[in-house]
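Here's the structure, in structure tokens; my notes come after.
No hydrogens, no waters, no symmetry mates; every other heavy atom, side chains included, goes into these values. Start at 1 with the first residue, then count along the sequence.
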Amino acid sequence: MASHIILPKEEEEEQEAGHGVAEADHGSPPEPRGYRHMETAPKPLPFSATCVRISRDSYPNLRALRNASAMSLPDDDAAFAKLDEGDYGYVLDDVQHLTDYLPELPTFPNPLQDHPAYSTVKQYFVNADDTVPEKVVVQKDSPRGVHFRRAGPRQRVYFEPEDVKACIVTCGGLCPGLNTVIRELVCGLSHMYNVNDIFAIQNGYKGFYSSNYLPMTPKSVNDIHKRGGTVLGSSRGGHDTHKIVDNIQDRGINQVYIIGGDGTQKGAYEIFKEIRRRGLKVAVAGIPKTIDNDIAVIDKSFGFDTAVEEAQRAIDAAHVEASSAENGIGLVKLMGRYSGFIAMYATLASRDVDCCLIPESPFYLEGKGGLFEYIERRLKENNHMVIVVAEGAGQDLIAKSIPVADQLDASGNKLLLDVGLWLTHKIKDYCKSKKMEMTIKYIDPTYMIRAIPSNASDNVYCTLLAHSAIHGAMAGYSFTVGMVNGRHAYIPFHRVTSTRNKVKITDRMWARLLSSTNQPSFLSEEDINEAREADRLANRPPVPAGTSEHTKKHSTSLLANAVFGMLT
């Protein structure tokens, strides 16, 4: 049952005087246990019946929570946040449900209960109260913390199979596994829920209003998982919320599956908001896609394992080239606009890399402890070296040496300068000034990596993501799906769009890399202190608004994190 935070008496008086309080929307009703056909979902209880009163003694920071909630999310997003509070500091950061704005919807028995493939399953359906914790490493006296709704099939669904009209769209750049997700969405809808009307939206968001919808069947997608890219086509930009929802409404679509990165998920969120404003019975399921692995909250994005595996081939080639020449250098540029996960994991897996440069860890070229000094020393010791650089690394250095106006792509991302090519010329110029004989080979496998089919591990992951998305949409939820601490969960859109997942250079994983490559950190004491301070501010409990501008800038950007901070 959804709970609302009620201020103690003293604060109620303040509220009447004009002070607001953040409150969560109604959560979805408990799922019925029976199988009565066309059973109507229970009506939401009156406000007074769903409230939980919290005393000042048990919750002394309630005013701070109210203020932090107001700071944490824009007003438009805060209206869609659903927080349920439980015992021992438990907080459920819930996802939107059709009954939040259509409370009289009927429910239907889940067809999986009669599915022969599930006949041997001990428990068909996930428990209505099952949730997944955001953090699994806790201390003895820690509160239970923030949780997300567990993914999986529900006992009751809000769509009859013959009434479902589903559509699938892919947006943004390519990534291994896109076709596998598409295939499993089509086959899952058809084979598990007997859905017949499934349509492809071509070439990204603009396909909703600029091209015909193509019907898809399990037969038409049977072997697409063996190919790279996306059979639906993809593009950046083209998002016009009103046009998209107009077409969804006109064509009678009631389930929308959107595959794309953080920008695409922001678009999915806007589509859901407009659907809710219009009161449409439409579920929106986002499946996060980014080869950079920079989607927040989730353990990893599909295609990442494949990308790391394929990056090994480029690193192996660079090592062969470097070790076969006197003072040979192999330089490999990998993907990672804002986050250096591919570069970091590929470096750790290879063990042939002598230096890894990522966006999160600044570096400098000249002077004591700089990159040039390390290159010179490494060549003298080993006669060759391999450097891996993420595409977003060193952009501030390039901007200083090559002044250019910032340019954006169709998705609003800043166009990056080629750090690999720039670094190649800089290393050549340095070695020439030192009269060092040197051979450097620059390898950029970016488009080769993102265009290949997914490997076995990613194929399994894509299948589970697709099935989880289907189960959630059939149950009436709108969400982004992902794996959190090894369990699939439904995550609110705002949680994956308000920030990015980045490598923490104060974390042990980055220390393991430095130990593996024996490279210097290229960080001054000031840089290290700044990184630690940023990490501390990102995880500290929020405080009342108005304390300082510094506090407002660094208070946790997510409402659920704000609640978690108040409970600690």
- Message: A side-chain contact here means heavy atoms from C-beta on lying under 4.5 Å apart; do Q113 and Q155 qualify?
- Response: no

- Query: Looking at M192 and L112, what are the two nearest heavy atoms and their distance?
  - Reply: O-CD2, 3.7 Å

- Message: Would you say that V169 contacts C171 through its side chain, given a criterion of any heavy-atom pair below 4.5 Å between the two side chains?
- Response: yes

- Item | Where L83 and V91 come nearest, the two heavy atoms and their spacing | CD2-CG1, 4.1 Å

- Considering only heavy atoms from C-beta outward, does the side chain of I287 approach that of F302 to under 4.5 Å? yes

- Going from CD1 on I295 to NZ on K300, what distance comes out if it is rounded to the nearest 0.5 angstrom? 15.0 Å

- Task: Spell out, as yes or no, whether a donor-acceptor pair under 3.5 Å connects the side chain of Y88 to the backbone of R144.
- Result: no

- Task: Please check if the side chain of K82 supplies one atom and the backbone of V95 the other of a donor-acceptor pair under 3.5 Å.
- Result: yes

- Item | Partner set under salt bridge (Lys or Arg N to Asp or Glu O under 4.0 Å) for D240, not counting sequence neighbours | none

- Do you know the tightest heavy-atom contact between I201 and G207? CG2-C, 3.5 Å

- Message: For the backbone of G233 and the side chain of T170, can you confirm whether one donor and one acceptor N or O come within less than 3.5 Å of each other?
- Response: yes

- Do the numbers put R276 on top of the ring of Y101, so that NZ or CZ is under 6.0 Å from the six-membered ring centre and no more than 45° off the axis? no

- Query: With S211, which residues qualify under side-chain hydrogen bond (donor to acceptor under 3.5 Å, both in side chains), at least two apart?
  - Reply: none

- Message: Counting C-beta onward and ignoring hydrogens, is there a side-chain heavy-atom pair between I259 and L185 closer than 4.5 Å?
- Response: yes

- Query: Going by heavy atoms in the side chains, are H471 and F125 under 4.5 Å from each other?
  - Reply: no

- Measure up the H97 and Y477 rings against each other and bin them: parallel (under 30°), tilted (30 to 60°), perpendicular (over 60°). perpendicular

- Message: Any side-chain to backbone donor/acceptor pair from N110 onto R154? Under 3.5 Å, distance only.
- Response: yes

- Query: With a 4.5 Å heavy-atom cut-off, do K281 and F159 have their side chains touching?
  - Reply: yes

- Query: Is a side-chain donor-acceptor pair under 3.5 Å present for E270 with T241?
  - Reply: no

- Closest heavy-atom contact between P153 and Y193? CB-OH, 4.1 Å

- Side chains of F493 and S478 in contact at under 4.5 Å (non-hydrogen atoms): yes

- Query: Considering residues at least two apart in sequence or located in another chain, which fulfil the salt bridge (Lys or Arg N to Asp or Glu O under 4.0 Å) criterion with R150?
  - Reply: D130

Pair up each side-chain donor or acceptor in residues 247-254 with any protein partner under 3.5 Å, not counting sequence neighbours, and list the distances.
residue : atom : partner : partner atom : Å
N247    : ND2  : K243    : O            : 2.9
Q249    : OE1  : R278    : NH1          : 3.0
N254    : OD1  : K165    : N            : 2.8
N254    : ND2  : D163    : O            : 2.8

- Item | Atom OH of Y345: over 12 foreign heavy atoms under 6.0 Å | no

- Y257 vs I470 side-chain heavy atoms within contact, under 4.5 Å: yes

- Query: Checking Q96 side chain against P492 main chain: does a donor-acceptor pair fall under 3.5 Å?
  - Reply: no

- Message: Donor-acceptor pair, distance only, cut-off 3.5 Å: does the side chain of N485 make one with the backbone of V132?
- Response: no

- Can you label the angle between the F199 ring and the Y213 ring as parallel, tilted or perpendicular, going by 30° and 60°? tilted

- Task: Kindly compute the distance separating NZ (K289) from CD1 (I258), expressed to the nearest 0.5 Å.
- Result: 13.0 Å

- Could you tell me how the ring of H147 sits relative to the ring of Y90: parallel (under 30°), tilted (30 to 60°) or perpendicular (over 60°)? tilted

- Side-chain (T497) to main-chain (Q265) donor-acceptor, under 3.5 angstrom: no

- Query: For P288 and S301, which heavy atoms make the closest approach, and how far apart are they?
  - Reply: O-CB, 4.5 Å

- Query: Is a salt bridge present between D292 and R337, judged by a nitrogen-to-oxygen distance below 4.0 Å?
  - Reply: no

- Message: For H494 and Y269, take the angle between the two ring planes, folded into 0 to 90°, and tell me which bin it lands in: parallel under 30, tilted 30 to 60, perpendicular over 60.
- Response: tilted

- Message: Please check: side-chain N/O of T290 versus main-chain N/O of G261, any donor-acceptor pairing under 3.5 Å?
- Response: no

- Message: According to side-chain contact (heavy atoms from CB on, under 4.5 Å), who are the partners of I452, at least two apart in sequence or on a separate chain?
- Response: P176, T306, E310

Side-chain donor-acceptor pairs under 3.5 Å in residues 177-184, sequence neighbours left out?
residue : atom : partner : partner atom : Å
N179    : OD1  : V231    : N            : 2.9
N179    : ND2  : I224    : O            : 3.4
N179    : ND2  : R227    : O            : 3.2
N179    : ND2  : G228    : O            : 3.3
N179    : ND2  : G229    : O            : 3.3
T180    : OG1  : S454    : OG           : 3.4
T180    : OG1  : N459    : OD1          : 2.7
R183    : NE   : N222    : O            : 2.7
R183    : NH2  : N222    : O            : 3.4

- Hey, does the side chain of Y158 reach the backbone of A473 with a donor-acceptor pair shorter than 3.5 angstrom? no

- Task: Quick one: sort the Y490 and F479 rings into parallel, tilted or perpendicular, breaks at 30° and 60°.
- Result: tilted

